[in-house]
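See below for the structure under consideration.
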Amino acid sequence: MAIKLLDQEKGPHISKYIYGQFSEHLGRGIYGGLYVGPHSDIPNVNGLRTDVVDALKQIHVPVLRWPGGLFADTYHWQQGIGPQKDRKKIVNTNWGGVTEDNSFGTHEYFELLKQLGADAYINANIGSGTVQEMAEWVEYMTMPGESPMATLRRKNGQKDPWKLKSFGIGNESWGGGGNMRPEYYSDVYRQYQTFLPQYDAKHPIYKVACGPNEDDYEWTETLMKNATKYLDGISLHYYTLPTGDWDHSKGSATGFPASLWYSAMAKAQLMDRLITKHTAIMDKYDPEKRVNLIVDEWGTWYDVEKNTNPGFLYQQNSLRDALTAAITLNIFQKHADRVSMANIAQMINVLQAMILTKDDQMVKTPTYYVFDMYQRHMDAQLFDGEGDVPERVTYTASKKDGELNVSLGNYDLTQDRQIVFTFSDTYRDISDASIITGNKMDAHNTFDDPNEVVEKKFTGASLKNGQLVIDLPAKSVVSITIKS
Ligand code: AHR
């Protein structure tokens with residue numbers, strides 16, 4: 001059984017922003033996980049954990065969405081600037097009712113981006129904020145000349161404006177962000193975006209409207225009908241719950257039965273149908289595909305770990321997450337002509353995280369390694385393929401700098417598969433090949449054993465007679481780069 005990879009002249013561009021991340025003021029997503037403050041015993045640079053930042057630099061985080069999520073619609077940015085000791089302490093009403101001391105604010109966020117080399121994606125507060133508050137925040141961040149907010153920014157130590165690449169106007173406005181109806185939200189969106197200052201005509205801020213929850217096609221229809229010309233992207237939120245049950249048990253992150261492995265895979269695959277259907281509606285109003293679908297919250301969502309604050313959404317991350325990540329990233333790449341950014345929820349210690357921390361310790365999760373392996377597809381050209389794909393196998397292919405990249409997942413728990421790729425070009429060398437797999441379906445890393453599931457060199461691929469032959473083990477993700 002062979003898959004022929006089609007050397008398209010102009011396959012869609014796979015935006016590197018598909019590999020974006022999301023960090024909210026939620027549990028230990030920021031405090032403790034990323035930001036420990038400059039006086040911490042944990043090694044840090046300007047308050048940001050050196051170990052975590054160094055690990056994230058290896059996966060080249062392209063963009064980081066902040067400050068929420070639900071938190072965004074309670075966030076008042078002026079409380080998070082100026083001397084930290086004077087910042088207002090508030091209650092994080094969405095997440096655990098804990099005190100939020102605002103020590104991580106706009107300046108700390110841009111410091112983090114600088115250390116990571118990532119771009120900014122900020123979500124405005126339209127739920128409990130005002131148009132003026134939003135406009136002044138953008139003025140504070142981006143006004144190059146003389147103005148009240150630019151003066152305040154300089155007084156707080158930042159002379160030059162920052163680059164604000166993308167800006168979200170509304171988060172889950174259909175739910176916790178205001179319980180709005182789509183007609184009303186469309187008007188609120190139109191109003192807010194009118195007052196979004198754009199000081200750099202050459203690099204306008206990219207405007208993201210709150211799009212649908214999962215399969216709410218009516219939301220997409222109404223928003224596109226009423227606001228297409230005012231927006232650049234619309235968001236989509238979809239989480240993978242193995243049980244599909246938000247109200248009772250979502251399922252455990254580890255120690256689950258095989259049935260919940262397979263249902264997680266099936267739920268992750270639903271992303272394809274969601275994107276296809278929302279895209280079909282968008283095509284009606286935007287046939288040129290100017291407007292993008294931004295999947296700015298996705299990932300697995302399980303029951304929290306025992307003895308942790310239920311509001312902190314702290315969960316383990318196993319080989320199952322590596323496979324659902326691969327399935328989802330392959331889907332995003334397939335839809336690269338519409339999906340130009342995605343942000344997994346969430347980068348550290350929350351939901352499907354890259355990294356888990358405990359005091360001064362950290363572990364990289366299986367999901368981290370998938371993001372590491374998939375870097376080869378960032379800003380590459382998508383390759384289509386034709387031929388039969390074995391059951392329970394998912395793959396994606398791209399070309400960059402003359403090299404061909406293939407990533408595959410085999411989510412069958414017991415069956416190894418052989419996959420053969422053929423091409424019209426000649427490739428002579430395998431320049432890089434990695435695998436992540438494990439003995440158990442819930443294999444995961446702990447603080448006592450941080451290397452139970454890690455990326456390893458893959459030796460099961462060979463180039464024979466112009467074909468790439470891959471022996472793909474059960475429950476594994478593999479990425480291969482070949483060159484001519
Ligand atoms: O990612 C956790 C939460 O999930 C976000 O705050 C919210 O937008 C979504 O419901």
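If you're wondering where the values come from, they're calculated on a predicted model, not measured in any experiment. Counting starts at 1 for both ligands and their atoms, in listed order. FYI, side chains are in, hydrogens and waters are out, and symmetry mates aren't considered; it's all heavy atoms of this structure.
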message = Quick check with a 6.0 Å cut-off and a 45 degree axis cone: is Arg320 positioned over the face of Phe256's six-membered ring?
response = yes
request  = Would you give the length of the straight line joining atom CZ of Arg376 to atom CE of Met373, rounded to the nearest 0.5 angstrom?
outcome  = 7.0 Å
request  = Can you sort out which atoms of ligand 1 are near Gln346, meaning under 4.0 Å from one of its heavy atoms?
outcome  = 1 (O), 2 (C)
request  = Give the numbers and elements of all ligand 1 atoms closer than 4.0 Å to a heavy atom of Glu172.
outcome  = 7 (C), 8 (O), 9 (C), 10 (O)
ask   = Going by the atom numbers of ligand 1, which of them fall below 4.0 Å from some non-hydrogen atom of Asn171?
value = 8 (O)
query = What about Trp301: any of its N or O atoms under 3.5 Å from an N or O on ligand 1?
reply = no
message = Under a plain distance cut-off of 3.5 Å, with no hydrogens placed, do Asp321 and Tyr302 share a side-chain donor-acceptor pair?
response = yes
ask   = ring pair (Phe, Tyr, Trp, His ring centres under 6.0 Å) with His25: which of Tyr109, Tyr35, Phe71?
value = Phe71
ask   = Looking at Tyr239, which atoms of ligand 1 are within less than 4.0 Å of one of its heavy atoms?
value = 1 (O), 2 (C), 4 (O)
request  = Closest by any non-hydrogen atom to atom 8 (O) of ligand 1: pick that one out of Arg65, Glu24, Glu297.
outcome  = Glu297
message = Between Glu455 and Ser434, is there a side-chain donor-acceptor contact under 3.5 Å, judged purely by atom types and distance?
response = yes
message = Is it the case that ligand 1 has an N or O less than 3.5 angstrom from some N or O of His237?
response = no
key: Heteroatom proximity flag, Leu70 to ligand 1, N/O under 3.5 Å   = yes
ask   = Can we call the ring centroids of Trp298 and Phe332 under 6.0 Å apart?
value = yes
Proximal candidate to atom 3 (C) of ligand 1 [heavy atom criterion; set Phe71, Trp95, Trp298] = Trp95
task = Identify the residue among Leu64, Asp51, Ile348, Leu48 that makes a side-chain contact (heavy atoms from CB on, under 4.5 Å) with Leu56.
result = Ile348
inquiry  = I'd like to check His237 versus Asn171 (side-chain heavy atoms, cut-off strictly below 4.5 Å). Are they in contact?
reply    = yes
ask   = Which atoms from ligand 1 have a heavy atom of Phe22 less than 4.0 Å away?
value = 1 (O)
Atom indices of ligand 1 within 4.0 angstrom of Leu351 heavy atoms, with elements = 1 (O), 2 (C)
